[in-house]
Number of protein chains: 2
Amino acid sequence: MPFHGDDVLKSFNELDLIKWIKAHHSKKSRDLILGIGDDCAAVKPARGKIMLVTADTLAEGVHFSRESAPPRALGGKCAAVNLSDIAAMGGQPRYALLSPCFPQGLEFKWIKAFLAGFHETLAQRRCILIGGNVSSAKDWISVTVTVMGQIAEKRIVKRDGAKPGDLIYITGTPGDSALGLDLLLSGRRPLGKTEKYLVSRHLSPTPRVEWGMLIAEKGLASAMIDVSDGLALDLVRLVEASKVGADVSLDTIPLSVPATKMLAGMGQDGGWRRILTGGEDYELLFTVHPKKEARLKKLIGSGKIVASRIGHVNDGAKPKIKFSYSSGRALKISQYGYVHSL
Amino acid sequence: MPFHGDDVLKSFNELDLIKWIKAHHSKKSRDLILGIGDDCAAVKPARGKIMLVTADTLAEGVHFSRESAPPRALGGKCAAVNLSDIAAMGGQPRYALLSPCFPQGLEFKWIKAFLAGFHETLAQRRCILIGGNVSSAKDWISVTVTVMGQIAEKRIVKRDGAKPGDLIYITGTPGDSALGLDLLLSGRRPLGKTEKYLVSRHLSPTPRVEWGMLIAEKGLASAMIDVSDGLALDLVRLVEASKVGADVSLDTIPLSVPATKMLAGMGQDGGWRRILTGGEDYELLFTVHPKKEARLKKLIGSGKIVASRIGHVNDGAKPKIKFSYSSGRALKISQYGYVHSL
């Protein structure tokens, strides 16, 4: 059923929590047929649109630690990582289902802050909570979120449309999240303004929903993916799906000022590897036919999208992907992106 | 993205597992626009239909134990509990997203058996896997599944349509699952045929998809819910949503032969409380206008639905819900249904 579950707190049982969520986080929408409160929610895409759907999980001890992730930020991130997947297809987020496992004894204060952050991040993109379920857990928090979005079928931007000669663009400044995570893990305190910026990029990523929608609406991208596991690995995914290759010029990859400062203390190759393989950027990586670049540049010039050209698609002859310095030297990457090894 | 995640095994990383799932469990469907392999899946309901969506979680140590739940049965149950929610609205299941958290060191053999059971249960109802994500977990398995179904909007059967005078029906034989769980927890071994039947009803519940679809298609039910947390609690939910009350005659509630045998050793009141509040039956509880009963009885007579009349809806004057013996004595229930207290 769209919202049910087990107790999560002494004297605050499943039914109470679901009633609380329904009262505080349930919104109506003209298109929504049925929201929280029955066995299923019921939805339909707007006329001429289809539905996109994605599900992603954040697990304590794997994706976050309770000590370093404030509940409000964590709630926002649980929404953001899914909104980012909708953005990567060019879709408009519409509905979310929230399925948290909360361990016994978790404070209601924590849960309320988590839900507030979750709700806030959804609401900013006009996405509404329509269901899910609440479960207890033995020890560790884990949260799975399902998000549904909509788009006109012919506007969907997939991963497999990149063609040799297309230009490669990325939104925002990759690497900030990975450097923020490093700072969190280092335990270095207190943090200055620079460090705080990077940490906030890790804890509270911004899903690029408006940019993704604009790119799809204007038909600008031949392929698109969101960078969740590192620019390098997600670029591999895009070129493999498209059966092409890619040349990337490192000196064209945009870095934030805080990232540039922090990288000054790292070796050049090591610094770039961290930027490219750290993951959790939730930026959009997309390819553009050269004839469409002028239109994209106009949107960038007017501030409607923040994106930079970082390379071009080739025919996929080996090496399939090359990251080069302006000197022509290639950066060697042995481990592409975040793959949690056990 | 619809399928990504972290490593789940040494020398078997996230990408391998996702490729394996895609190769073994990905199916095409005429209506499916985009399945596993991009940031989102893309679907649309058939012409004239809307989409139902539900998400439910099974967590180790809360809903199952790894020792007593064989992986194939567990995989099937993860699908079944969600299919049951679609059935409870009268919907036709279409698509599933699977989001498991697998602890480090879990054997691939276990995962394969789990996936086989999951897939099998979906495939029997022509529901296909279109996405999800694979994550590691610290210690405990938890699995969230999202299922989408479709139905004509005017055929949706909600919880809130029961009217005084309607007749209350339940499919199958409630209580088997709870008694099976008791046997599992008792550690009694070896199990005879009777006990094995009850245990299998707990480990491998049958979602009543075909019955739910038939009930909706023929417009027979004024309200319907699936019995996941016990007949008593789910009846409370139905009558509260409908703003009515219910009288149930205990001697009309159908019990399986194995359940009847097992109850012979329990006190009458205690036995009935276990049947009514044990939960996880995944039967359909529904209400029928008296004028429609003949049509339902015809379907029951021809074996197309297995269901029994157990009471009737009243106007909700106190007591809101009464379970009575044929003598007229009422059964007292202090704790309605499964509410996991911490």
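Just so it is clear, the values below take in all heavy atoms, side chains as well, and ignore hydrogens, waters and symmetry mates. In the text below, chain A, chain B and the rest are named by the order of the sequence lines, each starting its count at 1. Please read all numbers here as calculations on a predicted model, not as lab measurements.
Of the residues listed (Ile86(B), Thr54(B), Asp226(B)), the one engaging Asp39(A) in a side-chain contact (heavy atoms from CB on, under 4.5 Å) is Asp226(B), and it is the only one.
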Self-check item: Check against salt bridge (Lys or Arg N to Asp or Glu O under 4.0 Å), Asp38(A) and Arg159(B)
Solution: CA-CA 6 Å; Asp38(A) 215 302; Arg159(B) 295 180 182 178; 3.6 Å; yes
Practice problem: In sequence, state the C-alpha distance, the side-chain angles, and the governing distance for Val53(B) and Leu97(A), and then conclude on side-chain contact (heavy atoms from CB on, under 4.5 Å). | Solution: CA-CA 9 Å; Val53(B) 59; Leu97(A) 290 88; 3.9 Å; yes
Exercise. Could you give me the CA-CA distance, side-chain angles and deciding distance for Asp139(B) and Lys138(A), then say whether side-chain contact (heavy atoms from CB on, under 4.5 Å) is met?
Key: CA-CA 9 Å; Asp139(B) 294 304; Lys138(A) 287 284 281 183; over 6 Å; no
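Across Ser136(B) and Ala59(A), no two heavy atoms sit closer than the pair O-CB, 3.9 Å. Minimum interatomic distance between Thr144(A) and Thr144(B) (heavy atoms only, all atoms of both residues): OG1-OG1, 3.6 Å.
Considering OG of Ser142(B) and CD1 of Ile141(A), their distance stands at 12.0 Å, rounded to 0.5 Å. Rounded to the nearest 0.5 angstrom, Ser135(B) OG and Asp56(A) CG are separated by 8.5 Å.
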Could you pull out all donor-acceptor pairs under 3.5 Å where a side-chain atom in residues 40-51 of chain B meets a protein atom, sequence neighbours excluded?
none

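With a threshold of 4.5 angstrom between heavy atoms, Ala241(B) does not approach chain A through any atom at all. In this structure, chain A has a heavy atom under 4.5 Å from the backbone of Met224(B), while its side chain stays farther away. Interface residue Leu52(B): backbone and side-chain heavy atoms are both found under 4.5 Å from chain A. No part of Ile151(A) comes within reach of chain B, as not one of its non-hydrogen atoms sits under 4.5 angstrom from that chain. For Leu238(B), no part lies under 4.5 angstrom from a heavy atom of chain A. At a 4.5 Å heavy-atom cutoff, Gln150(B) makes no contact with chain A through either its backbone or its side chain.
Contact tally against chain A (heavy-atom pairs below 4.5 Å) for Thr146(B), Leu34(B), Ile156(B), Ile33(B): the top residue is Ile33(B).
Among residues two or more places apart in sequence or in another chain, the side-chain contact (heavy atoms from CB on, under 4.5 Å) test is passed with Leu58(A) by His63(A), Phe64(A), Leu74(A), Lys77(A), Cys78(A).
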